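Step one of this worksheet: look at the structure below.
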Amino acid sequence: LFFFFKQKTAYEMQRGLVGSEMCIRDSYRRKHTYRTASNKIKLAKTPGGQLALQYRTKRGKGQVCGDTGAKLNGLPHLRSKAFKRLSKVKRTVSRPYGGSRSAGAVKTRIVRAFLLEELKELKKMKTVKDQKKKIKKKEKVAKKQSPYPHSLITQSYSCLLYTSPSPRDQRGSRMPSSA
């Protein structure tokens, strides 16, 4: 008499079964034969009724904001290689910094840029005001120290003793030409 035992996989075996119940080892189909995070398998029934191994890929974590670290809504959760293969429309959201920064981060960037521009304008206005004050101060000091009227101080007198060399003068003398 021959007894044929139905061969079972490790997944079908229960705790109570022992030695006489033989089991088929689930062997990896690829070269990598260690049970690591990148080498996950799942037992699946084929349409023919047989059990087969299916390799599972890692789940995508999803895109996060570069500033705040918050998850970005409206984008698929894929691994980086698969995400790169998507079309641009599916990788982004239709607004500035769409697939890179969250809406709150963009808002803070806009407000910060606006405030920085305001600060620059205020600094400019302050320097102009300070320059005007310095000019007024110098004018007051000049009026107090000078015994002459202000209009005489601004006039300039030129000395005609020495002039630049004339192209007609061949010796290169710096004295005024007499001819």
Side-chain angles (χ1 to χ4, degrees), residues 1-139 141:
L1 248 108
F2 291 98
F3 293 101
F4 290 101
F5 294 106
K6 180 183 176 234
Q7 290 183 330
K8 296 186 176 186
T9 64
Y11 293 99
E12 291 175 310
M13 288 181 66
Q14 297 171 357
R15 277 189 183 179
L17 300 177
V18 284
S20 65
E21 294 281 342
M22 297 181 68
C23 96
I24 299 169
R25 283 192 74 208
D26 300 324
S27 58
Y28 289 101
R29 301 289 176 212
R30 298 176 184 167
K31 288 181 181 178
H32 188 200
T33 58
Y34 295 100
R35 188 174 171 227
T36 59
S38 63
N39 201 25
K40 297 277 186 194
I41 56 169
K42 177 189 171 188
L43 205 60
K45 226 172 206 183
T46 60
Q50 293 179 339
L51 291 170
L53 289 179
Q54 284 185 347
Y55 279 90
R56 311 303 286 171
T57 56
K58 286 186 180 182
R59 293 185 66 190
K61 193 175 178 184
Q63 303 300 314
V64 293
C65 174
D67 292 347
T68 60
K71 287 191 176 181
L72 297 177
N73 298 325
L75 300 176
H77 290 222
L78 298 171
R79 301 286 291 168
S80 58
K81 204 169 189 180
F83 194 77
K84 284 177 188 174
R85 278 193 228 112
L86 289 178
S87 64
K88 177 99 177 193
V89 175
K90 292 176 186 171
R91 271 185 281 145
T92 61
V93 180
S94 59
R95 65 172 154 73
Y97 297 98
S100 172
R101 303 287 183 262
S102 64
V106 173
K107 185 180 176 182
T108 54
R109 280 182 177 217
I110 291 168
V111 170
R112 188 184 303 135
F114 176 74
L115 291 175
L116 284 173
E117 286 299 318
E118 286 290 316
L119 192 65
K120 284 179 188 176
E121 288 297 320
L122 285 172
K123 282 183 180 177
K124 245 187 225 178
M125 288 170 61
K126 188 178 179 186
T127 54
V128 169
K129 208 174 193 180
D130 290 345
Q131 285 175 353
K132 284 182 181 178
K133 279 184 183 179
K134 283 181 183 178
I135 291 169
K136 283 183 181 179
K137 222 179 213 181
K138 284 182 181 178
E139 286 176 357
V141 171

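Computed from a predicted model, the values in this text were never measured in an experiment.
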For the atom pair [atom1] ([X]) and [atom2] ([Y]), what is the distance rounded to the nearest 0.5 Å?
X: D130; Y: I135; atom1: CG; atom2: CD1; value: 11.0 Å
X: I41; Y: R56; atom1: CD1; atom2: CZ; value: 11.0 Å
X: T127; Y: Q131; atom1: OG1; atom2: CD; value: 5.5 Å
X: L115; Y: T108; atom1: CG; atom2: OG1; value: 11.0 Å
X: K132; Y: K136; atom1: NZ; atom2: NZ; value: 7.5 Å
X: K58; Y: K40; atom1: NZ; atom2: NZ; value: 9.5 Å

Should the heavy atoms of other residues, nucleotides or ligands under 6.0 Å from CZ of R59 be counted, would the total exceed 12?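 No - once you tally the heavy atoms of other residues, nucleotides and ligands closer than 6.0 Å, there are 12 at most.
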Please determine whether the number of non-hydrogen atoms from other residues, nucleotides or ligands lying under 6.0 Å from atom OH of Y97 exceeds 12.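 Not buried by this count: 12 neighbours or fewer within 6.0 Å.
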Pairs satisfying side-chain hydrogen bond (donor to acceptor under 3.5 Å, both in side chains), at least one member in residues 73-87, at least two apart: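 Output for this query is empty, none listed.
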Taking all atoms of both residues into account, what is the closest heavy-atom pair of [X] and [Y], and its distance?
X: L51; Y: K45; result: CD2-CG, 3.9 Å
X: K90; Y: L75; result: O-CD2, 3.9 Å
X: R101; Y: G66; result: NH1-CA, 3.3 Å
X: A105; Y: D67; result: CB-OD2, 3.8 Å
X: P96; Y: V106; result: O-CG2, 3.8 Å
X: A52; Y: T46; result: CB-CG2, 3.9 Å

Close side-chain approach of [X] and [Y], heavy atoms under 4.5 Å:
X: L78; Y: L86; result: yes
X: K120; Y: E117; result: yes
X: H32; Y: S38; result: yes
X: L53; Y: L43; result: yes

Would Y55 and Y28 satisfy side-chain contact (heavy atoms from CB on, under 4.5 Å), going step by step from the backbone distance to the final call? CA-CA 9 Å; Y55 279 90; Y28 289 101; 3.5 Å; yes
